[in-house]
Amino acid sequence: MRIYRKELDSINSYKPGKPVEEVRRELGLDKVHKLASNECPFYPAYIRKAVNREVRNINQYPESGCFYLRDSLSRHLKVRKEQIVFGNGSDEIITLSLRAFIEAGDQVLVAYPTFLIYEIQARISGAGVVRVSLEDFGYSLRNMKKKICKNTKIIFIANPDNPSGTYVNHKELESFLLSIPAGILVYLDEAYFEFAPPDFPRSLDLLKKRGNLIVSRTFSKAYGLAGCRLGYAITTPAIARVLNKVREPFNVNRFAQAAALEALKNRKFLKKVIKHTEKEKEYFYSEFKKLNLPFVKSATNFVLVKWSADTAGIYNYLLKRGVIIRELRGWGFKNCFRVTVGKSSHNRAFIKLLRQYLSNRQTGRAKG
Ligand SMILES: *Cc1c(COP(=O)(O)O)cnc(C)c1O
């Protein structure tokens, strides 16, 4: 007899990129390069001391309000402390928003395909989900606006988007925000904010013009702290208050708080990551062009590549040789894959294997 909620039967759980440990275990490989989850390829060594210091306090709960981190981040962003909500990754901010806003009969608007968590969590929360197709791998705000109805409660916008890497610029976003009903919450997911180009939306200015807005960012990508899980929302004090009501009191652990505080102090590491990403993206672009592989220009630390066939062949070829990329079948793109900018040597290893695979295919030699 099923006693859990019926809706859960039709919800697929999120399948993360294959972890390095798993590939080592399963394939017995020593060297594994993961270019699958948009993580930062470098270890932010400067956090070690601060995190070690926290080990001594492991028997005590962390501060619920992230006092020092909040103080530092509010100065860094020039927003009031009451405007910030911290989450166990920005994924949690998505969940908290749905928990605080969705009532029976409400709908959310999502692009299709886009970051999968919006739809999964929305359906768990009981919301109806309306999908709006991408146009040429980009968000169509015009089409999103057409799908708004009286039941629309939240619109999710990944900007820049994952897995396409495209973005909507300041002008487009501003006119969209000011043209839709004030009673709709717009959720702007800026997980790749640090990599974004100059005409990227100044979303904190937009927050002053239009209240019902949540901007979320994360320490997982450019800051290199994916392993300790820390994201945050910037919103109005009123929305921050309700998000805090539905938040668990100790959602951000001590190590995450300590590491992020150090990350805000150490701008050198961040600059290095951004510069490296730009340079290596250009390397990817030029190599893809040489290989006649179409790709989508990206405002993030990953690139979507359009493959001419199902990606299972290339995925497995790379996997067996220790390079993990991301297939996009789960997003409905069975002929595309996503590759994260890794360390220079790893990117070169990936390109070398890609070239080998393509030339084997051309000469009809066996794959695998
Ligand atoms: C990676 C990612 C996130 C989640 O990051 P957290 O690690 O949970 O902070 C959120 N949104 C998008 C679009 C992402 O790609």
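Side chains included, hydrogens not; waters and symmetry mates left out as well; all remaining heavy atoms used. For ligands, and for the atoms within them, numbers begin at 1 and follow the listed sequence.
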Open item on the list: A quick test of your reading: do over 12 heavy atoms of other residues, nucleotides or ligands sit less than 6.0 Å from NZ of Lys306?
Closed with: yes
TODO: Report yes if the distance between the aromatic ring centroids of Phe302 and Tyr192 is under 6.0 Å, otherwise no.
DONE: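 Yes: the rings meet the under 6.0 Å criterion.
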State the atoms of ligand 1, each with its element, that fall below the 4.0 Å cut-off from a heavy-atom position in [X].
X: Ser90; answer: 3 (C), 4 (C), 5 (O), 6 (P), 8 (O), 9 (O), 10 (C)
X: Gly89; answer: 6 (P), 8 (O), 9 (O)
X: Ser220; answer: 6 (P), 7 (O), 9 (O)
X: Ala191; answer: 2 (C), 3 (C), 10 (C), 11 (N), 12 (C), 14 (C)
X: Arg229; answer: 6 (P), 7 (O), 8 (O)

Open item on the list: A cation-pi test, strictly: NZ or CZ of Lys221 under 6.0 Å from the centre of the six-membered ring of Phe195 and no more than 45 degrees from its axis. Yes or no?
Closed with: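 Ring-cation test returns no.
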TODO: May I ask you to check if Arg361 and Tyr357 form a cation-pi contact, with NZ or CZ under 6.0 angstrom from the six-membered ring centre and within 45° of the axis?
DONE: no
TODO: Would you confirm whether Gln107, through its side chain, and Val129, through its main-chain N or O, come within 3.5 Å as a donor-acceptor pair?
DONE: no
Task: Flag, side chain of Asp161 to backbone of Thr166, donor-acceptor distance under 3.5 Å - done: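 No, the answer is negative, given that no donor and acceptor are paired below the 3.5 Å cut-off.
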- [ ] May I ask whether Asn38 has any heavy atom positioned less than 4.0 angstrom from an atom of ligand 1?
- [x] no
Open item on the list: So, 4.0 Å and heavy atoms of Tyr192: is ligand 1 close enough to count as a contact?
Closed with: yes
Task: Glu92 and ligand 1 - part of the residue with a heavy-atom distance under 4.0 Å - done: neither
TODO: Have a look at ligand 1 and work out which part of Asp189, if any, has a heavy atom under 4.0 Å from it: side chain, backbone, both or neither.
DONE: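 For Asp189, the contact with ligand 1 is made by the side chain alone.
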Open item on the list: Among Tyr285, Tyr283, Phe284, exactly one meets side-chain contact (heavy atoms from CB on, under 4.5 Å) together with Glu287. Which residue is that?
Closed with: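 Only one option passes, and that is Tyr283.
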Task: Stepwise salt bridge (charged side-chain N to carboxylate O under 4.0 Å, His left out) test for Glu278 and Lys275 - done: CA-CA 5 Å; Glu278 281 309 308; Lys275 211 169 136 198; over 6 Å; no
Task: Contact (N/O only, under 3.5 Å) between Asn162 and ligand 1 - done: yes
Task: Which residue and heavy atom of the protein sit nearest atom 4 (C) of ligand 1, plus the separation - done: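 Going by distance alone, atom 4 (C) of ligand 1 is nearest to Asp91 OD1, 3.3 Å.
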Open item on the list: What protein heavy atom lies closest to atom 1 (C) of ligand 1? Include the residue and the distance to one decimal.
Closed with: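 In this structure, atom 1 (C) of ligand 1 has Lys221 NZ, 1.3 Å as its nearest protein heavy atom.
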